[in-house]
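To keep things clear, I will list the structure first and then write my remarks on it.
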Amino acid sequence: MDIDEATIIAEVNEGTLHVRLEAELIEGFEQMARDGEPLPVPSHYASRIAEILHRSLVEPLPPTIAFDLYQEVLIACERARASVLGETLDEQ
């Protein structure tokens with residue numbers, strides 16, 4: 001996933017990061033399912049992705065934005081996994 005440091009905070013604040021990430025995760029999860037691999041648990045995968053995103057940034061994110069970034073990634077992981085497995089998520 002390409003991260004634009006100039007817009008990541010806006011994407012997190014607007015709640016649009018998860019939409020872009022979800023589309024990419026669906027492709028990857030579909031490939032994993034075709035290969036017979038189990039899909040990762042969303043919270044585990046989200047923490048790994050968030051860590052990779054944090055390391056790719058030159059400047060660290062403010063703590064509140066870092067937390068919101070993780071939440072955006074977690075939403076994307078949950079939705080992508082559910083989509084590939086044909087499950088529905090309860091909206092909160």
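These numbers come from the heavy atoms of this one structure, side chains and all, not from hydrogens, waters or symmetry mates.
Judged as a side chain to side chain donor-acceptor pair (under 3.5 Å), and not counting sequence neighbours, the contacts of Gln31 are Arg34, Asp35. Qualifying side-chain contact (heavy atoms from CB on, under 4.5 Å) partners for Glu27, counting only residues two or more places apart in sequence or in other chains: none. By the ring-ring contact (aromatic ring centres under 6.0 Å, His included) test, Tyr45 pairs with Phe29, sequence neighbours left out. With sequence neighbours left out, Glu59 forms a side-chain contact (heavy atoms from CB on, under 4.5 Å) with no residue at all. Every residue two or more places apart in sequence or in another chain that forms a side-chain contact (heavy atoms from CB on, under 4.5 Å) with Ala10 is listed here: Glu14. Arg55 is linked by a salt bridge (charged side-chain N to carboxylate O under 4.0 Å, His left out) to Glu51, counting only residues two or more places apart in sequence or in another chain.
Closest non-hydrogen pair, Val84 versus Ala33, comes out as CG1-CB, 4.2 Å. The minimum heavy-atom distance between Val19 and Gly15, with the atom names listed, is CG2-O, 4.4 Å. In plain terms, the two heavy atoms of Leu25 and Ala80 that are nearest each other are CB-CB, 3.6 Å. A pairwise comparison of heavy atoms in Pro62 and Ile9 identifies CD-CD1, 4.5 Å as the closest pair. Residues Met32 and Pro38 approach most closely at CE-O, 3.6 Å, considering heavy atoms. Residues Ile26 and Ser83 approach most closely at CD1-OG, 3.9 Å, considering heavy atoms.
Judged as a salt bridge (Lys or Arg N to Asp or Glu O under 4.0 Å), not a single pair has a partner in residues 60-69 (not counting sequence neighbours). Sorted by first and then second residue, the ring-ring contact (aromatic ring centres under 6.0 Å, His included) pairs with a member in residues 54-73 form an empty list; sequence neighbours excluded.
Through direct or relayed side-chain contacts under 4.5 Å between Ile, Leu, Val, Met, Phe, Trp and Tyr, Ile75 connects to no other residue. Other members of a hydrophobic cluster containing Ile52 are absent, since no ILVMFWY side chain comes under 4.5 Å of it, directly or through relayed contacts.
Atom-to-atom distance recorded for Leu39:CG and Cys77:SG is 11.0 Å, nearest 0.5 angstrom.
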- Item | Stepwise side-chain contact (heavy atoms from CB on, under 4.5 Å) test for Val12 and Leu61 | CA-CA 11 Å; Val12 169; Leu61 295 172; 5.8 Å; no
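Distance alone, capped at 3.5 Å, places no donor-acceptor pair between the Arg79 side chain and the Glu22 backbone.
A side-chain hydrogen bond (donor to acceptor under 3.5 Å, both in side chains) with His18 is found for one member of Glu78, Gln71, Glu72 and no other, namely Glu72.
Follow the hydrophobic side-chain contacts under 4.5 Å out from Val73 and you reach Ile8 in the same cluster.
Two residues are said to be in side-chain contact when any heavy atoms from C-beta on lie closer than 4.5 Å; Asn13 and Ile65 meet this criterion.
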